[in-house]
Amino acid sequence: MRENNKEMLLLEEDNALAEEIRHQMEEQSLRELYTEIIWDLIGEINEINDRLSRKCNRPIMDNITWRIKTPESIVKKLKRKGQDISLECAKHVLNDMAGIRVICSFQDDVYRMAKAIKKMPGFHLVKEKNYIAHPKESGYRSIHLIGKVPAEDENVTVEIQIRSVAMNYWAILDHQLCYKNEKKEVEKIRKELRSYAIAIEKIDKKFLKLRKRIEKL
């Protein structure tokens, strides 16, 4: 009973913090600002895709999605990082308040797209994380580009993730697993996911080789 009460108090505290952050985001019209920046970047990425697709004579990008971090996610991530729970802290500490996800069919297209995105005017690269060359312990493979975009009187941080179609399926399941509480079963599934990530990497490479063989016909 005492443990349940403690969990309830923590949940109420998190909800209150999330509501405060939501109120501040509305006051600063932050969602509108992030949305405008994201759509400008998506327009540029679509132009890159058109250019690369014409050059390679095949589609380079499979699809593109975007999102703005919710107040609830902001609270969870700041707590996990041991940071102050506030909007101002989130804006300076979190790199993925505004995020774009680019899905490519093949692994070489992930690199091709990342190289072009880094050259976009107005997108000033701050950090690149190559999880294809250096996978996460979970097996996750992707390229993350963290950049600054000038907007009004501040620079807004945007994270662009680029990954293959196969790895995107994997990441969807991995994300769902993060919200499950059954520790024994979660660890069992996580081990399976690690093995599937290795299998996906091998399949990605095999499909890439097969595509290149087909292109030579």
Side-chain angles (χ1 to χ4, degrees), residues 38 41 45 48-49 52 56 58-70 72-83 90 93-118 125-147 157-214:
I38 285 170
L41 290 173
I45 293 170
I48 289 171
N49 177 55
L52 292 176
C56 297
R58 59 180 176 79
I60 297 299
M61 185 174 73
D62 184 83
N63 67 80
I64 186 168
T65 59
W66 64 279
R67 65 109 186 91
I68 296 166
K69 210 165 192 63
T70 65
E72 291 78 12
S73 292
I74 291 169
V75 170
K76 285 179 183 177
K77 193 156 188 179
L78 287 174
K79 285 185 76 171
R80 195 163 67 244
K81 286 178 170 285
Q83 299 286 340
V93 171
L94 304 184
N95 294 322
D96 59 348
M97 290 282 283
I100 296 172
R101 183 171 297 135
V102 179
I103 310 301
C104 298
S105 298
F106 298 97
Q107 201 172 85
D108 63 338
D109 292 335
V110 172
Y111 281 100
R112 192 174 279 114
M113 184 64 75
K115 183 179 179 181
I117 288 173
K118 286 187 285 187
L125 185 70
V126 174
K127 190 173 185 179
E128 177 177 356
K129 298 178 180 179
N130 189 336
Y131 294 122
I132 296 176
H134 307 285
K136 287 189 174 182
E137 188 180 345
S138 63
Y140 176 72
R141 288 168 170 83
S142 177
I143 291 179
H144 292 193
L145 304 177
I146 298 163
T157 304
V158 179
E159 182 182 69
I160 302 176
Q161 300 179 3
I162 313 158
R163 60 194 185 214
S164 71
V165 171
M167 183 48 64
N168 191 52
Y169 288 137
W170 183 96
I172 289 169
L173 292 177
D174 183 65
H175 180 72
Q176 289 179 343
L177 193 62
C178 289
Y179 296 95
K180 302 301 180 182
N181 297 319
E182 184 56 52
K183 292 182 180 179
K184 208 169 185 180
E185 188 63 20
V186 164
E187 188 52 39
K188 182 181 176 182
I189 295 173
R190 197 166 295 286
K191 285 180 181 178
E192 282 189 55
L193 272 175
R194 288 192 196 103
S195 67
Y196 295 160
I198 294 169
I200 286 169
E201 170 70 1
K202 291 178 180 177
I203 289 170
D204 268 343
K205 287 180 176 178
K206 286 181 179 179
F207 270 111
L208 178 55
K209 287 181 180 178
L210 194 60
R211 192 206 77 209
K212 289 181 176 180
R213 282 175 59 194
I214 292 170

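Side chains included, hydrogens not; waters and symmetry mates left out as well; all remaining heavy atoms used. Since the model is a prediction, treat every value here as computed from it, not as a measurement.
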Looking at side-chain heavy atoms only, is the closest gap between Leu173 and Gln176 below 4.5 Å?
-> yes
Closest non-hydrogen atoms of Ala197 and Gly139, given as atom of the first, atom of the second and distance, are CB-O, 3.3 Å
Gap separating the CG atom of Leu41 from the CD1 atom of Ile160, nearest 0.5 angstrom = 5.5 Å
Sub-4.5 Å side-chain heavy-atom contact between Ile64 and Arg101 | no
Salt bridge check: are Glu201 and Arg163 linked by an N-O gap of less than 4.0 Å?
-> no
Return the minimal non-hydrogen interatomic distance between Ser105 and Val165, and the atom names on each side.
-> CA-CG2, 4.0 Å
Using atom types as modelled and distance alone, determine if a side-chain donor or acceptor of Asn130 lies under 3.5 Å from a backbone N or O of Ala133.
-> yes
Rounded to the nearest 0.5 Å, what separation is found between the CD1 atom of Ile100 and the CH2 atom of Trp66?
-> 9.5 Å
Going from CD on Gln107 to CD1 on Ile143, what distance comes out if it is rounded to the nearest 0.5 angstrom?
-> 8.5 Å
Tell me, do Ile198 and Lys202 make a side-chain contact under 4.5 Å, heavy atoms counted?
-> yes
Check ion pair Asp108-Arg211 (N to O, under 4.0 angstrom) = yes
Are more than 12 heavy atoms from other residues, nucleotides or ligands located less than 6.0 Å from atom CD of Glu137?
-> no
Gap between atom CD of Gln161 and atom NE2 of His144 - 0.5 Å precision | 3.5 Å
Closest approach of Asp174 and Arg190, non-hydrogen atoms and distance?
-> OD1-NH1, 3.2 Å
Pair Ser164-Asp204, side-chain donor/acceptor within less than 3.5 Å | yes
Kindly compute the distance separating CZ (Arg194) from NZ (Lys191), expressed to the nearest 0.5 Å.
-> 7.5 Å
Under 3.5 Å, is there a donor-acceptor pair between the side chain of Trp170 and the main chain of Ile200?
-> no
Sub-3.5 Å donor-acceptor pair from the side chain of Ser142 to the main-chain atoms of Ile162, do we have one?
-> yes
Check ion pair Arg58-Asp109 (N to O, under 4.0 angstrom) | yes
Between Leu145 and Lys118, is any pair of side-chain heavy atoms under 4.5 Å apart?
-> yes
Aromatic plane relationship, Tyr131 with Tyr140 - under 30° parallel, 30 to 60° tilted, over 60° perpendicular | tilted
Just by modelled atom types, is the Glu159 backbone N or O under 3.5 Å from a matching donor or acceptor in the Asp96 side chain?
-> no
Begin with the C-alpha distance, continue with both residues' side-chain angles, and end with the deciding distance and a verdict on side-chain contact (heavy atoms from CB on, under 4.5 Å) for Lys81 and Leu94.
-> CA-CA 10 Å; Lys81 286 178 170 285; Leu94 304 184; 3.9 Å; yes
Are Glu192 and Tyr196 close enough that a side-chain donor and a side-chain acceptor fall under 3.5 Å?
-> yes
Any chance you could measure Asn95, atom CG, to Lys69, atom NZ, to the nearest 0.5 Å?
-> 10.5 Å
For Lys127 and Leu125, the nearest pair of non-hydrogen atoms, with its separation, is O-CD1, 3.6 Å
Under 4.5 Å between any side-chain heavy atoms of Met97 and Ile68, yes or no?
-> no
